[in-house]
Each structure stands twice: as structure tokens, then as C-alpha cells.
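Side-chain atoms are counted along with the backbone in the values below, which use heavy atoms only and exclude waters and symmetry mates. None of these values were measured; they are calculated from a predicted model.
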Amino acid sequence: MKKFTTLSIFLFAACFLKAQDGTLDATFGNAGWATGQYLNAFSDATCIAVQTDGKIVIAGTTAIGGTTVVAMRFSAAGVLDATFGTGGIAAHNLGTQSIITCLALTSDGKIVLGGDDSQKPMLVRLNSNGSLDTSFDGDGYITFDDKLSKIVDIKILAGNKILGCAGAIDASSNSIFALFRRNSNGSADTGFGTGGFAKFDFGEQELINRIALYPDGRIIGTGVAYKATTKYDLLIARFSANGVLDNTFGTGGIVTKFFTSGNPYEQGNDVALQNDGKIIIGGRNSVNGANAFLVARFNADGTSDTGFGTSGRTFTTIGTNDEARCIAALKDGKILVAGYTTIAGNRNYALARYTSAGVLDNTFGTAGITKVASGLKSSCEEFTILPSGKILAVGYAEPTALNRFFAVARFNHSQTTDTENIEPETISAKIFPNPASGGQVNLQFNLEEKSNCSARLLDVDGKVLTEFFNENLPVGQQNGLFNLPESMSSGMYFIQILTEKGAATLPLEILK
């Protein structure tokens, strides 16, 4: 009979001791939670980002002295970082009614916050120590009007430009979609839309909630639109990198979709792109006041992916009032969403993971769902997935009645998202000839440390056409000559280089 050594028995046992995906990671913070509060005031965190050194930045609003903009930074282990602000908390009272809804990190380590002050869009930029960055519009923050209101999402572009979306109103005070782009110093980027703004009236009352970016810079946004016949419908719109509606998507760049009858409220809260170019939406389905997680998948052209869930969508009822606030496409094709559920009158963090077919994944949490509260109640607004696969989810926690804290929870998780984007210049990436007439192209890039790397050819919708290589490469300059598929027609394509530190995407034009 085969004998087992002590080591082999340990390794065998370790396979069964591996933490279940979707469970709280007790090694983080205090039993899985990291919390902070400014001056014992009612506090809501709404957004999160992770620095390259693993430190965690969250931000939101504290109701004190009117309202105060607050950012906190924690170590990777979930302890407030004393080198940031005062004891890990940077608080700035910038106006009478300031609200923070989103944040992003620049390439040089600064922190950009988006929200509004007294119903005007507001951007704040902080130095890495939490102080206001006075190189940004002279005092560290700006407000602007142009009929816009609260900023709801921002992305950092090349050169640390800021792309964002916000609510806006038309001449009749109806709500409309709005995008904007600002230069790194805070001024309007007049190369975007009209004077730095792109506003869209789709003929209904519409609201934008979140945006995502394609490798070529195109923008896709989701939200909700009101129609007299179908009431509140999920809305998706796609734009060029310069803020023009993309007529190859939906009808004139727009898709509205209702999945249920009976005056439903169906809203997109977040959008993500899969590797195959498909679009996933997380949000809320509400019929007669009963709310459920809404997860929907659309093809690259905006049509519903009928192979997903039921006719392209999945509803998940957890408690009595459920809403998915954020969504991510995982590398293995699964989908992760997070938000909140209401149980016995109290909100709880809620997460769910779905298979690529839109069915709850029973290997996550309990039958595909995790729900947990820190103390009396809690609610999740956004999450990010670490390179290890673990989930950091941000929101609030109320350990006792009317005592609300900023909160971050970390969950065990083994699946990761697509690699984060990096600028091609950071690895000296080049394609030549470009434009090319077909046949072969040279690909050149540099590695500062050895890395598992691959390169692939994408079409304009992000669909993978072919993979050139997938191997472990040494330090230094990499050079390769690769054959292009003979079936390629004239047009724009992309070559994406994936390293352990990020994905660099380069445009490739084919002229035949």
C-alpha cells in the first residue's frame, strides 16, 4: 500500500482547508472588516481604488459642518495608514453641500475624487499624503456648471486627463446623459464634444450611472430611461473616444431594454466588458416595489445575448429589497456582482457570482450568494478585485443604531478580472509597419523583470481573433514577427500585450 509522508498529508489537507470563495477573509482588518469614522459623524463610503503598493484608498462623505469630503487609506492588511491625512483620514470641507461618489488614481499616484457641491459637478485632486493638490486648478478642486449636476463616475486617461459622466438637464429641465473630459490641470478639454462636454437627449428622461472603456478609447455607459409606454427601462449608450454617439451600436448608438411588464423599474448601475466583446450590466429590476438583482448580457452590437440566463437576463431575489451596484467580468467567463439586500428591515452586503450562462454559481458563498452585515446593518456600493483574486467591497457599516462608519470588507475569492490597462509607452511597445497591408507585423516591447506574457489580435469590439504567443519571457527587449490572419479586411484592429503587471493595447490599421 502507498505510504503518505507528513508533507503529503499536510498538502492533501490544505486542499480542503482552502477558504470558500465568497466567505469573509478573517485575516483582513477586524474579522474581515476595516472601518473608519471622521469625528464620530454619520459616514458613507462610495468608492475604492488600490494603489500599486497595495494600500487601499476609499472615499465618501461625512455629514458634519454641512458635508465634508473624506478619503481614508488603509494598509493592505486593513489598518488605517498613519502616513495619510491625520491618522489615515484626509478630510476637506470644500463647500456647504459636498458629496463624493467616485474616485480614480493617476499614473503619478494622486487621487482624483468626483461628486458635486450644491448640485454642481465637483472634482478634487489629492496628493499621495491626502493633502489638496494645489497644482489642480490652483487650490485642489473645481466646480463647473454647463447644466451638469453630480458626477457619478470618472476614468483616468493617458496624460492623466479625466473622463467622467454626470447628470445634466436640457432646456426644459428634463434629465439627460452627459459626458465630460478635463485636462490634467482641471481645465476643460475642448477636443472632446463641444467645449469639453458631450450631452445627449434621447427623447426621454434618462440618467447615467457608470461608464466603461474599450481598448480603443470608446465609451459605453449605462443607466435608466423613462418611457410613457414601458416606464423605466435599462439604458445603454456607446460613444466614440471623443464623445460622439456610435451609430454601429443599437439604434443610433442607444439601446433601451425592458424585460418585464407591469410598470417595472429596470436600471443599469454598472457596466463591464468581457474579453469576447460582450457587454454585461448589473443593476435593479423592480416590479410593484419588489426589487431584485438584475444581471444582463448584450452582444457587441447591443442586441440581447439570448444564450444568457432567460432571454438575456437573470433576476436574483435575496431578501425583500435587493440591488446590484457593481459588476465585473472574470477571466474564466463568470460574472461577479455586489450590492445590498434587505433582511428583517436591515441592509446587508450582498454578493453573487454567476456562471457564463447566467446561472448562480454554487461554488461561491451559499448557492452562489453571500450576504453579511457588520453589526446592525451594512451596504456595499463598489468593489475591486485584487491580483490574488480576493474581493475588496466598500460601503458603510452600522455597528449600532445611527452610528455609521466607512467600511471595507475583504472576501476570499480565487478568480481574477482581466489584467489592468497600462500605457504602451511604459513598456516601450511598438508595432511596425503600421498601417500594414496584411501578411506580417513586427511587435516590440520591453520587460523590466521576467514575466508570463501573451499577445493577441482584437477587432474593434474587443473580440479575440488570434493569439500570437503565450510564454514566460526574460528581462529586456522582446521582438517578434507575427503572421496576421489572411481573412483580415481593411480597417482598425488592436494588438494587446498581456504581462503580469498589466495589458498594453496598441492600434493597428490594415490597408488592403
Side-chain angles (χ1 to χ4, degrees), residues 157-159 191 212-220 238-250 252-253 272-279 298-303 305 307 329 331 333 418-447 450-512:
L157 307 178
L213 299 179
Y214 285 84
D216 62 353
R218 284 177 302 162
I219 307 157
I220 190 158
R238 192 163 74 189
F239 314 89
S240 73
N242 287 324
V244 178
L245 275 169
D246 177 2
N247 290 325
T248 67
F249 181 78
L273 299 168
Q274 296 187 163
N275 272 337
D276 58 5
K278 291 185 178 181
I279 303 153
F298 295 83
N299 297 310
D301 62 0
T303 56
D305 179 4
K331 277 189 174 179
D418 290 332
T419 310
E420 293 216 2
N421 291 330
I422 60 175
E423 292 298 321
E425 293 83 0
T426 64
I427 57 171
S428 302
K430 299 177 183 177
I431 305 171
F432 53 93
N434 190 8
S437 59
Q440 295 179 318
V441 292
N442 290 277
L443 178 62
Q444 183 181 98
F445 60 98
N446 189 68
L447 293 176
K450 65 180 182 179
S451 174
N452 288 315
C453 296
S454 63
R456 57 195 187 179
L457 180 69
L458 312 176
D459 66 13
V460 293
D461 289 318
K463 182 179 179 181
V464 179
L465 302 179
T466 189
E467 186 173 70
F468 295 128
F469 66 86
N470 190 339
E471 57 189 276
N472 194 29
L473 297 178
V475 173
Q477 184 170 295
Q478 317 296 322
N479 296 281
L481 182 64
F482 301 103
N483 295 317
L484 298 173
E486 293 182 1
S487 59
M488 291 178 69
S489 58
S490 296
M492 186 62 70
Y493 297 84
F494 299 90
I495 290 180
Q496 189 173 64
I497 305 164
L498 296 102
T499 74
E500 293 176 7
K501 288 191 173 181
T505 304
L506 301 94
L508 171 65
E509 186 176 5
I510 299 296
L511 297 176
K512 285 191 173 181

Taking every non-hydrogen atom, the tightest pair across Pro433 and Leu508: O-CD1, 4.2 Å

CD1 on Ile497 to CZ on Phe468, rounded to 0.5 Å: 10.5 Å

For the student: nearest non-hydrogen atoms of Gln440 and Leu481, plus distance: OE1-CD2, 3.4 Å

Asn434 side chain vs Pro507 backbone, donor-acceptor pair below 3.5 Å: yes

Spatial distance of atom OH (Tyr214) from atom CG (Asp246) [nearest 0.5 Å]: 8.0 Å

CA sep, side-chain torsions, deciding dist, call: Leu213, Ile219, side chain to side chain contact (heavy atoms under 4.5 Å, CB included): CA-CA 5 Å; Leu213 299 179; Ile219 307 157; 3.8 Å; yes

Under 3.5 Å donor-acceptor, Arg238 side chain and Gly250 backbone: no

Side-chain H-bond candidate by donor/acceptor type, Asn446 with Gln477, under 3.5 Å: no

Worked verdict on Phe249 versus Ile279 for side chain to side chain contact (heavy atoms under 4.5 Å, CB included): CA-CA 12 Å; Phe249 181 78; Ile279 303 153; 3.6 Å; yes

For the student: nearest non-hydrogen atoms of Glu486 and Lys512, plus distance: O-NZ, 3.3 Å

Inter-residue atom distance Glu467.CD - Leu498.CG, 0.5 Å rounding: 8.5 Å

Shortest non-hydrogen separation from Leu447 to Pro474 and the atoms involved: CD1-O, 3.6 Å

CG-OG distance between Leu245 and Ser240, expressed to the nearest 0.5 angstrom: 8.5 Å

Polar side-chain atom of Asn299 near backbone of Asp301 as donor-acceptor pair, under 3.5 Å: no

Where Gly333 and Gln274 come nearest, the two heavy atoms and their spacing: O-OE1, 4.3 Å

Nearest atoms (heavy-atom pairs only) where Ile427 meets Ala504: CD1-CB, 3.8 Å

Leu465/Tyr493 under side chain to side chain contact (heavy atoms under 4.5 Å, CB included): CA gap, chis, key distance, verdict: CA-CA 10 Å; Leu465 302 179; Tyr493 297 84; 3.8 Å; yes

